[in-house]
Amino acid sequence: MGLSALAALTACGGGGGGASVSEGTGDITFGSNQSDAVPKAAYQKIIDGFVKESGSKVSINTVDHNTFQEQINSYLQGDPDDVFSWFSGYRMRFFADQGLAGDISSVWDTIGKNFSESFKAAATASDGKQYFVPLSYYPWAVFYRKSVFEDKGYEVPTTLDQMTEISTDMLKEGLDPIAFGDKDGWPAMGTFDILNMRINGYDYHTKLLAGEDSWESDQVKEVFNTWTKLLPYHQKGGLGRDWQETAQGLLQKKSGMYLLGMFVSQQFQDAEGGDALKDLDFFTFPEINPDYGTDSIDAPIDGFMMSAKTQNGGTAKKLLEYLGSAEAEKINADADKGLVGPASNMDTSNYTDLQKKAAEVVGKAKNIAQFMDRDTRPDFASTVMIPSIQAFIKNPKDINNILKDVEAQKKAIFVG
Amino acid sequence: MSTLTQKTRPAKARKVRRYSTTDRVVLALMLGIPALVVLAFVWGPALGSVFLSFTRWNGVTAIQPVGFQNYEQIATIYPPFWPALLNNVIWLLVLALVATPLGLFLAVLLDKNIRGTRIYQSVFYLPVVLSLALVGFIWTLLYSQNQGLINQLSGAHVNWLGNSDINIWAVLVAASWRHVGYIMVLYLAGLKGVDPSIKEAASIDGANQRQTFFRVVFPVLKPINVIVLVVTVIEGLRAFDIVYIINKGTNGLELLSVLITNNIIGEASRIGFGSAIAVILLVISLVFIVTYLVQTFRKEDAR
């Protein structure tokens, strides 16, 4: 109940979009949400590189990843760092539209040549200007252990029928065919996304998540029908397991396949003296509807934005130019093997096989989605979709009622 | 007794009514400052929440008034609300009817000066020192489906935290584990204050242990009972940390406090909607507070 006090504090500030930003060249601060050891060290290295090159002073403020996300609203309206880490997609556009992020189109004039059009599109807000510099991304795909597939003679499936076939075989062998853990609610969003894009295509994914189509449509029902048919192959008790525990099942060869982001490799990094990581491979989710084939993939992009309130926009933009350079992206991708760098001209000689494949698979995809909680309103994703998808997994037969509730809540939320 | 108090009352009252200027200033300050603080930091935000509950606001753009829409939506199209309300009631009942009596029972046992009573006291009190967030973490390790201690030792495959039929009970075991220690210490303090001579008197009158406890000792503990009741109600209504640590309060572990947090904290927050849930929780708390105050004042009037 004291929460409104917090809300009142955040009420000051804000304003219309397109504010002009000071071009000062003094010292700046850098807000990082990378609180884990590996990426934290990588960021430090990147900033050191910038400081050495430019002679400007940058101090890093690191905040716990989830806390940073939860406080972003009051952070940006209070006294934000000049440059801060954030995500592309709806989450970037939202703050750009509110005038809380600075226009960095001039930075893109310099770094634009480093990136393909799809990355530029992911950095562009509704006003056609750029507000975001991508640093890294990772694909969502089906991970498996090569040794398990070789031992049992499973072929990498290219259609849903083939995937069902090897799943049946795995059940007979006593494996959990599809590893599944959705205690925290978000991993199953990845399953919904990929089924939706395979069945109804990328454009429908965008339309649905923008609130423009009904959740009670035949297309959405078809997604859940397909999912219902796959549920018997999912590892039981998924709602009580987090992704780390689920990944352990794959590592210990108790599960056959696991649909997750490439960060799953973190759980393999130090296991079996490094051999486990070499044994880890993935394939993109197989084709369901031949009209769309495998032309889309979830590959969320992480990167940076500039605060609209910065007093030293000159230095901030220089830093952003550096962050968008092949050099900075290489430092990051070398340090964290669970992701790849988006710059097309960067040196990838240090990539692991997994990273090479990730860059290749995403490069081949015609459409790159950002994941449900980045492609739709975050309030809709967290307060409506998490409980609804969990309710479906608990009781798939109730899907029509669940979707009725989802649609009613969507109409209530997508007003403003 | 009563004639005596009536005789002394007017004399006392006359004395109290004569305030000097300094007395008045001191009294005004001592009442005024806390009153202002309470108004500013408790009732101000509370009323702010009430105001916000009739609006739609994302924390950035302008606040739009929407009337009772948030309340309507909570009751009709927001599936987690009713389970959350039910879970809060279950939480309160389990703490009041299971954990609290257990705490009293332990206190009575440990009050008997059995050997090693200090050690037992420390053991039972230890969970209270831990934050609920830490308690949640510890029990997550015990309950975890594939790697948890309970399933590993028993060889069972129970989905303790993921099965929405049992997870609330599993979590209540953890919450009670902590609550029992708290209540035990409160009662232990109360029992130490009970005059041994009344127990002696009761046993001379032929009361057995059971009768001595329920007819003599327990009524004497009345002030402690009130505190314990208040503490239990507060713990029941503010329950939050454990379920938030376990799964952010979804899938069978919904609680009003968690729904408020999930809606308000975060990007593009639904502050109006979350405030409406907060107001509902406030009203429920007020029912308990008002009942308690009415009871207390009635007793004072009756004196």
Side-chain angles (χ1 to χ4, degrees), chain A residues 1-8 10-11 13-14 69-74 76-77 90-91 94-95 97-100 181-185 236-242 245-246 248-249 254 377-380 382-384 386-388 390-391 393-394 402 404-405 407-409 411-413 415-416, chain B residues 41-42 44-52 56-64 66 69 73 76-80 143-147 157-164 167 246-248 250-252 254 259-271 273-275 278-279 281-282 285:
Chain A
M1 271 148 285
L3 287 162
S4 74
L6 185 134
T10 66
Q69 223 158 300
E70 281 164 3
Q71 293 176 345
I72 185 74
N73 240 325
S74 38
L76 287 181
Q77 296 181 66
Y90 184 98
R91 288 167 142 175
F94 179 79
F95 294 111
D97 290 349
Q98 312 300 338
L100 292 169
D182 193 40
K183 192 175 80 157
D184 300 305
K236 301 276 170 294
L239 295 180
R241 202 180 289 118
D242 60 22
E245 206 178 341
T246 315
Q248 287 298 316
K254 289 177 184 162
R377 295 178 59 112
D379 48 358
F380 177 69
S382 63
T383 66
V384 179
I386 286 183
S388 301
Q390 287 187 335
I393 288 157
K394 212 167 13 178
I402 294 169
K404 206 173 105 196
D405 280 336
E407 179 61 17
Q409 293 182 81
K411 282 189 182 136
I413 288 177
V415 176
Chain B
F41 293 106
V42 178
L47 290 176
S49 290
V50 174
F51 164 73
L52 285 173
R56 192 188 161 83
W57 189 38
N58 62 14
V60 182
T61 43
I63 301 179
Q64 305 163 18
V66 292
Q69 200 194 58
Q73 290 178 355
T76 53
I77 59 166
Y78 189 52
Y143 280 134
S144 160
Q145 197 179 176
N146 302 99
Q147 300 168 341
H157 294 284
V158 183
N159 190 0
W160 294 106
L161 299 176
N163 182 338
S164 55
N167 57 7
I246 288 171
N247 67 0
K248 304 233 162 173
T250 56
N251 182 36
E254 295 88 357
L259 296 189
I260 298 169
T261 313
N262 285 349
N263 275 289
I264 291 186
I265 307 287
E267 341 153 30
S269 16
R270 303 166 80 182
I271 293 175
F273 192 80
S275 297
V279 170
L281 185 57
L282 174 68
S285 313

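For the side chain to side chain contact (heavy atoms under 4.5 Å, CB included) test, no residue two or more places apart in sequence or in another chain qualifies with Thr76(B). Taking Tyr143(B) as the reference, Trp139(B), Trp160(B) meet the ring pair (Phe, Tyr, Trp, His ring centres under 6.0 Å) condition, with sequence neighbours excluded.
When each of Gln69(B), Glu254(B), Gln145(B) is scored by its heavy-atom pairs under 4.5 Å with chain A, the top score falls to Gln145(B). Ranked by heavy-atom pairs under 4.5 Å with chain A, the list Asn163(B), Ile63(B), Val158(B), Ile246(B) is led by Ile246(B). Considering only heavy-atom pairs separated by less than 4.5 Å from chain A, the leading option among Pro80(B), Ser164(B), Ala62(B) is Ser164(B). Chosen from Leu161(B), Thr250(B), Val50(B), the residue pairing most often with chain A at heavy-atom distances under 4.5 Å is Thr250(B).
Checked by atom type and distance alone, the side chain of Arg56(B) never pairs as donor or acceptor with a backbone atom of Arg270(B) at under 3.5 Å. Remark: side-chain polar atoms of Asn263(B) are not paired, donor with acceptor, to backbone N or O of Phe273(B) under 3.5 angstrom.
Contact of Tyr78(B) with chain A is made through backbone and side chain together, with heavy-atom distances under 4.5 Å. For a residue to count as touching a neighbouring chain, one of its non-hydrogen atoms must lie under 4.5 Å from one of that chain's; by this rule Lys236(A) touches chain B with the backbone only. Using a 4.5 Å cut-off between heavy atoms, Gln390(A) contacts chain B through its side chain alone, with no backbone atom that close. Only the side chain of Gln73(B) comes within less than 4.5 Å of a heavy atom in chain A; its backbone stays farther off. At a 4.5 Å heavy-atom cutoff, the contact between Lys183(A) and chain B is made by backbone and side-chain atoms alike. When heavy atoms are compared at a cutoff of 4.5 Å, Asn247(B) approaches chain A by way of both its backbone and its side chain.
Each of Leu52(B), Ile265(B), Asn58(B) was evaluated against Ile271(B); a single residue qualifies, Leu52(B), per the side chain to side chain contact (heavy atoms under 4.5 Å, CB included) test.
The nearest pair of heavy atoms linking Phe95(A) to Asn73(A) is CE2-OD1, 4.0 Å.
The distance from the CD1 atom of Ile264(B) to the CD atom of Glu70(A) is 12.5 Å, given to the nearest 0.5 Å.
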